[in-house]
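Take a look at the structure below.
All values below were derived from every heavy atom in this structure, side-chain atoms included, with hydrogens, water molecules and symmetry-related copies excluded. Predicted, not measured: the structure shown is a model, and the values here were computed from it.
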Amino acid sequence: MSHNLLKGKRGIIFGALNDMSIAWKVAERAVAEGAVITLSNTPIAVRMGDLNALGEKLNAEIIPADATNVEELDEVFRKSVEILGGKIDFVLHSIGMSPNVRKKRTYDDLDYSMLEKTLDISAISFHKMLQVAKKQDAIAEYGSVVALSYVAAQRTFFGYNDMADAKSLLESITRSFGYIYGREKNVRINTISQSPTPTTAGSGVKGMEDLMDFSNKMSPLGNATADECADYCITMFSDLTRKVTMQNLFHDGGFSSMGMSLRAMNQYSKGLEDYKDENGNIIYG
């Protein structure tokens with residue numbers, strides 16, 4: 001059911017790949033709530049994913065861009081303002097990837113060139129995006145920018161690897177840029193720390209299914225779904241949250257406030273066989 005929360009607003013959604021993507025769900029909800037949008041992802045993601053189908057469905061133009069490339073981001077914002085007919089009211093940064101995770105490099109054996117890519121793609125791209133937008137004055141007054149984070153920015157989670165460092169940096173950029181952009185242009189910047197969600201990117205994290213099961217048992221309300229995250233993003237884009245900025249907002253069913261639940265304690269694994277190497281040593285990375 002639509003409430004027209006974004007009627008007349010213009011937005012850019014970065015990171016939609018397929019219908020498992022949170023960004024995909026956000027794009028659908030934004031248009032359902034009355035917004036007009038553009039979509040952006042890397043050229044290879046546009047070719048390999050289903051973004052063209054989403055663009056046709058939502059009547060949204062796709063602007064391929066590498067979010068780590070300032071010149072290409074510059075083009076995304078310029079074209080979006082032109083296509084949509086005015087300044088941008090909301091932006092979603094739903095971008096994250098770790099080559100170390102993909103290559104199964106443990107945290108105590110990182111490839112540092114791959115770490116640089118993790119940080120650039122998953123966090124520094126957010127700074128580049130904000131800097132480009134501010135220099136262009138592309139975001140309207142009281143516009144809203146949201147990036148997706150995870151509680152591993154504050155706590156250690158087995159298997160989350162250098163993505164935890166990236167999320168910590170992402171949240172720091174939110175605070176630092178949020179102060180400047182808020183004071184100068186009344187633009188608000190926040191992160192949403194979502195429950196573990198079965199997206200294409202999330203599936204690469206070691207033990208993801210077990211992590212989702214554990215967090216679901218720990219959370220009083222259970223894990224938040226991608227659709228529910230989209231609803232939360234819409235409220236953050238709307239005028240209902242005009243004075244919320246520089247925050248990391250947990251959307252995780254209460255997981256972030258829990259120590260141990262009865263369901264999790266009762267289900268606790270008694271064996272570590274799946275996590276031992278050929279010599280019987282536990283791999284903690």
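Between the CG atom of N216 and the CG atom of D213 there is a distance of 7.0 Å, given to the nearest 0.5 Å. One finds the CG atom of N186 at 8.0 Å from the NZ atom of K243 (value rounded to the nearest 0.5 Å). In this structure, CG in N18 is found 10.0 Å from CG in L51, a value given to the nearest 0.5 Å.
Taking 4.0 Å as the cut-off between side-chain N and carboxylate O, D19 and K25 do not count as a salt-bridged pair. Note on E141 versus K87: no salt bridge recorded, every NZ/NE/NH1/NH2 to OD/OE distance being 4.0 Å or above. Salt bridge status for R29 with E33: present, with a side-chain N to carboxylate O gap under 4.0 Å. Ionic pairing of K79 and E61 is not present here: no N-O contact between side-chain nitrogen and carboxylate oxygen is shorter than 4.0 angstrom. Taking the charged nitrogens against the carboxylate oxygens, K185 and D137 do have a contact shorter than 4.0 Å, which makes a salt bridge.
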I would like to know whether Y160 and K167 meet side chain to side chain contact (heavy atoms under 4.5 Å, CB included); could you show each step before the answer?
-> CA-CA 10 Å; Y160 206 70; K167 294 302 186 184; 3.6 Å; yes
Going through the distances and angles, do Y142 and V187 end up as a side chain to side chain contact (heavy atoms under 4.5 Å, CB included)?
-> CA-CA 5 Å; Y142 287 104; V187 171; over 6 Å; no
List the steps, then state whether side chain to side chain contact (heavy atoms under 4.5 Å, CB included) holds for V81 with R10.
-> CA-CA 8 Å; V81 169; R10 307 172 181 92; over 6 Å; no
Go through the steps for N248 and F250 under the test side chain to side chain contact (heavy atoms under 4.5 Å, CB included), then give the verdict.
-> CA-CA 6 Å; N248 178 53; F250 289 103; 3.5 Å; yes
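Looking only at distances, a side-chain donor or acceptor of D111 sits under 3.5 Å from a matching main-chain atom of M114. At distances below 3.5 Å, at least one donor-acceptor pair connects side-chain atoms of S219 with backbone N or O atoms of S215. Using modelled atom types, one side-chain atom of R155 and one backbone atom of S256 make a donor-acceptor pair closer than 3.5 Å. When atom types are taken as modelled, the side chain of N223 and the backbone of M212 share a donor-acceptor pair closer than 3.5 angstrom. Side-chain atoms of T174 never come within 3.5 Å of backbone atoms of I189 as a donor-acceptor pair (strictly under, hydrogens ignored). S2 places a side-chain N or O within donor-acceptor distance of the main-chain N or O of N4, the cut-off being under 3.5 Å. No side-chain donor-acceptor contact under 3.5 Å links S149 to the backbone of S193. D89 places no side-chain N or O within 3.5 Å of a backbone atom of G143 that could act as its donor or acceptor partner.
For E72 against D66, the heavy-atom pair with the smallest separation is OE1-N, 2.7 Å. For the pair R188 and S238, the tightest heavy-atom approach, listed with the atom from each and the gap, is NH2-O, 3.0 Å. Residue N161 comes nearest to L110 through the heavy atom pair OD1-CD2, 3.1 Å, listed as atom of the first residue, atom of the second, then distance.
Counted by atom type alone, S98 and N100 present zero donor-acceptor pairs between their side chains at under 3.5 Å. Defined by atom type and a distance below 3.5 Å, a donor-acceptor pair is present between the side-chain atoms of D165 and Y107. A donor-acceptor pair shorter than 3.5 Å cannot be found between the side chains of T225 and D227. Side-chain polar atoms of Q194 and T197 form a donor-acceptor pair below 3.5 angstrom. A side-chain N or O of Q136 and one of D74 form a donor-acceptor pair less than 3.5 Å apart.
Contact of the C229 side chain with the C233 side chain is registered, since non-hydrogen atoms from C-beta on lie closer than 4.5 Å. Contact check for Y181 versus I139: side-chain heavy atoms found under the 4.5 Å cut-off. In this structure, V91 and V146 have side chains that are not in contact, with every pair of non-hydrogen atoms separated by 4.5 Å or more. Contact of the T191 side chain with the L148 side chain is not registered, since no non-hydrogen atoms from C-beta on lie closer than 4.5 Å. D239 places a side-chain heavy atom less than 4.5 Å from the side chain of K9. Contact of the D50 side chain with the L17 side chain is not registered, since no non-hydrogen atoms from C-beta on lie closer than 4.5 Å. Residues I88 and L84 form a side-chain contact, since some pair of their non-hydrogen atoms from C-beta on lies under 4.5 Å apart.
Pairs of residues two or more places apart, or lying in two chains, that qualify as ring-ring contact (aromatic ring centres under 6.0 Å, His included) and include a residue from residues 38-91 are F90-F237.
Separation of the Y150 and F157 ring centroids falls under the 6.0 Å cut-off.
Note: the hydrophobic cluster containing Y232 does not contain M20 (ILVMFWY, side chain heavy atoms under 4.5 Å, direct or indirect links). No path of Ile, Leu, Val, Met, Phe, Trp and Tyr side chains, each step under 4.5 Å between heavy atoms, connects I180 with V70, placing them in separate hydrophobic clusters.
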Donor-acceptor contacts under 3.5 Å from residues 119-126 side chains, at least two apart:
unit_1 : atom_1 : unit_2 : atom_2 : d
D120   : OD1    : K128   : NZ     : 2.9
S122   : OG     : M97    : N      : 3.0
S122   : OG     : M97    : O      : 3.2
S122   : OG     : T118   : O      : 3.0
S125   : OG     : H93    : NE2    : 2.9
S125   : OG     : I121   : O      : 2.7

For residues 34-49, run the donor-acceptor check on the side chains, cut-off 3.5 Å, and write out each pair with its distance to 0.1 Å, sequence neighbours left out.
unit_1 : atom_1 : unit_2 : atom_2 : d
T38    : OG1    : S80    : OG     : 2.8
S40    : OG     : I63    : O      : 2.7
N41    : ND2    : A16    : O      : 2.8
T42    : OG1    : A45    : N      : 3.2

